[in-house]
Amino acid sequence: MTQAAAVLDGDDEIRAAASGNERGFFDHTIESVIIKEMKGMTGKMNKSRWMGLSLAVAVTSVGLLAGCAKEEGGAVNGEAGSSAPAAPTPIKIFLNQQTPEVLPSNNPVLQEIEKRTNTKLQIQWVPSNTLNDKTKVTLASGDIPDLMLITNIFDPQFVTMMKQGAFWDLTPFIKSYPNMSALPEQIWKDASSGGKSYGLPRIRPMEGGGSMPMLRKDWLDKLKLDVPVTMEDMYQVAKAFTQLDPDGNGKNDTFGITGHLEVDHMGSLNWVEQVFTGNTGKWKLIDGQLAPTVFDPGMREALIWMNRLYSEKLITPDFSIMKSTQARDELMAGKAGMLGSAMNPQWLFTEAIRKHTPQGDMLPVVSLTGPYGKFVDKQSGVFGMFVIPKTVPEAKMKKLLEFMDFGYSDEGSDLALYGIKGVHYTEQGDMKIATEQAKTDMVGQNILGQMYGKYEKYQRAFLTGIPADLYERNKKIIDQRAEISKADEAYGLESATYIKVGKDIDKSIQDMKVKVMLGKVPLTDWDKFVSDLKNNNDFKQIIKEMNEAYKNR
């Protein structure tokens, strides 16, 4: 009976709305009785009054029909009726898993998000160790979820698909959603391609990310060492952590540094070459020109430093083949004293260490001094983005934007990061104090914070359960870093040649780095490799295109 309940202007349209199969016995009877009574009242009624009464009859009939529809459990659409709740929108999401266990579908915070957004979420949790491979396989399959997290938005496979129109261009729609449209302009710039937004940024603060090292403050104190300032200091600390029994167990069973490598970059050991080159990213701005850091003399010094650690057994011997989770586990087990990491896992590491060493304390360093002075990296504010494949209809695409817009709000972000107030946390000033239930329900930035999050300067200073003193210390470190941090000058720039062959070149560079660090080839081999790379036609074209993109930006 929904059509009969619509409100239209004019007597003919009202009658038309209640025509055909929608006009049943009940509404015919009601109307005929009323009209009969009206005719009996007067035979001289003028046309206008008759039209008015006819309208009243029709509206009365429509109202009765609406009531009938409600009693029968049917939805009443249109302005005159009250719409029944829409069915939850099913959403499939491809998301990074950073915890040993997958968040269960009946998690109370997840269910609360579903309730407030009227959705039913089917999350495909992908472990960090297999994320890159799984991303490539999923993209190649064509069976792409409604929302897919792409962590490396410059990956050639993704960029090619984006340019071929595989994903929605969201640029015209963003302005209709208040929270996402209010994000800092720099974030949208960093997540754009050619001035267009093909995805929704996974927001991260600009300070406290990257791979700057944190180290065992309690080991420093026990060995009466100062917090390292220079790379030579870092070497001496690594040596002491390895040789001077910092855990006091009487055994030579600790390493100064742990970390892992990726196939095309230095992974959690990025900080070493960044400090030596004084640069964030693979491109360094010199006299207005972008130059690859692989050519920088500091890169050579970084490899010498790493080889020194490896040859003296001051770094985990398997670092070149370890997974990121293995390096973390080694640190938390008390087998190593230093790891390059974003700041927010500081409490994750410290809490794990305190289970076997109550005074354990992981301290993020503010900066380190290399050949080019003090250095600490600044992030773009974007760590990947969520893309929507063009196979998703426009109506559902807009629902997905509505769902993500909630995640950029204070309400949605706080729900994902901290859980339900009064259940998972209490408030003391600007500090959210986690309850035991928060641990039980797996509340934390590294879980649903992979999906939702607003822009917040001190976000990386916090992790669920962190004590107030460590939180305040982290905030001060972030403030200190902000005064000197250096951004990636080439972030967001594209090269057509790089899309074709760049990853292969990156892998060849990383392969040579590993050989030098492990002492499998002499340093002269690195010098020859760099010389050959300078004469590589593809690499020269990449340099040319990157500089053109920089100037055009």
Side-chain angles (χ1 to χ4, degrees), residues 89-97 117 119-126 130-177 179-181 183-204 380-408 412 450-453 491-500 502-503 545 549 553:
T89 300
I91 302 178
K92 294 182 179 179
I93 306 176
F94 181 100
L95 202 59
N96 186 16
Q97 176 192 333
T117 59
T119 57
K120 182 61 179 176
L121 305 181
Q122 181 181 335
I123 300 178
Q124 179 184 0
W125 293 98
V126 183
T130 60
L131 183 64
N132 289 338
D133 291 340
K134 187 64 176 177
T135 298
K136 292 180 179 298
V137 170
T138 303
L139 290 175
S141 73
D143 185 17
I144 303 174
D146 302 316
L147 282 168
M148 183 172 181
L149 174 63
I150 304 294
T151 54
N152 182 4
I153 61 177
F154 307 116
D155 180 80
Q157 179 188 16
F158 168 68
V159 172
T160 298
M161 291 181 65
M162 178 180 66
K163 291 182 179 296
Q164 291 174 345
F167 309 103
W168 275 95
D169 174 8
L170 304 175
T171 314
F173 306 99
I174 292 169
K175 62 180 180 295
S176 300
Y177 300 88
N179 299 310
M180 64 176 65
S181 61
L183 293 176
E185 182 180 350
Q186 185 62 42
I187 286 179
W188 285 112
K189 179 181 177 181
D190 289 342
S192 67
S193 175
K196 293 184 178 182
S197 299
Y198 290 95
L200 302 175
R202 185 169 65 151
I203 300 173
R204 292 293 182 267
S380 71
V382 175
F383 182 34
M385 63 186 185
F386 289 91
V387 296
I388 303 174
K390 284 300 292 287
T391 52
V392 172
E394 182 173 338
K396 185 170 185 178
M397 176 270 291
K398 292 180 178 178
K399 178 63 181 178
L400 297 176
L401 294 185
E402 180 183 326
F403 169 76
M404 291 301 292
D405 193 62
F406 177 71
Y408 293 127
Q450 297 296 310
M451 178 180 73
Y452 272 178
Y491 191 90
L493 300 182
E494 297 175 6
S495 158
T497 305
Y498 180 84
I499 292 174
K500 296 177 182 177
K503 279 298 179 182
E545 291 170 358
R553 185 174 65 181

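Fair warning: this is a prediction, and the values are worked out from it, not measured in the lab.
The environment of NZ in Lys92 is sparse: at most 12 heavy-atom neighbours from other residues, nucleotides or ligands sit within 6.0 Å. Within a 6.0 Å radius of NZ in Lys196, other residues, nucleotides and ligands contribute 12 heavy atoms or fewer. Within a 6.0 Å radius of NZ in Lys390, other residues, nucleotides and ligands contribute more than 12 heavy atoms.
Of the N and O atoms on the side chains of Asp169 and Thr171, at least one donor lies less than 3.5 Å from an acceptor on the other residue.
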Note to self: Applying side-chain contact (heavy atoms from CB on, under 4.5 Å) to Thr135 and Gln157, what does each step give before you reach the verdict?
What the structure shows: CA-CA 10 Å; Thr135 298; Gln157 179 188 16; 5.9 Å; no

Margin query: Using the rule given for side-chain contact (heavy atoms from CB on, under 4.5 Å), can you reason through Met162 versus Ile153, listing the C-alpha separation, both sets of side-chain angles and the distance that settles it, and then say yes or no?
Written below: CA-CA 10 Å; Met162 178 180 66; Ile153 61 177; over 6 Å; no

Check: Can you list the steps and then say if Tyr498 with Glu545 is a side-chain contact (heavy atoms from CB on, under 4.5 Å)?
Finding: CA-CA 9 Å; Tyr498 180 84; Glu545 291 170 358; 5.8 Å; no

Next item on the list: Report the C-alpha distance between Phe386 and Asp146 in whole Å, list the side-chain angles of each, state the deciding distance to 0.1 Å, and finish with yes or no for side-chain contact (heavy atoms from CB on, under 4.5 Å).
Entry: CA-CA 9 Å; Phe386 289 91; Asp146 302 316; over 6 Å; no

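Within the 4.5 Å cutoff, the side chain of Asn132 has heavy atoms near those of the Thr151 side chain. You'll find the side chain of Ile144 reaches within 4.5 Å of the side chain of Met161, heavy atoms only. Asn152 has its side chain out of reach of Phe158: every pair of non-hydrogen atoms, C-beta onward, lies at least 4.5 Å apart.
For Tyr177 and Phe403, the ring centers sit 6.0 Å or farther from each other.
Ion pairing between Lys398 and Glu402 fails under the 4.0 Å rule for side-chain N and carboxylate O.
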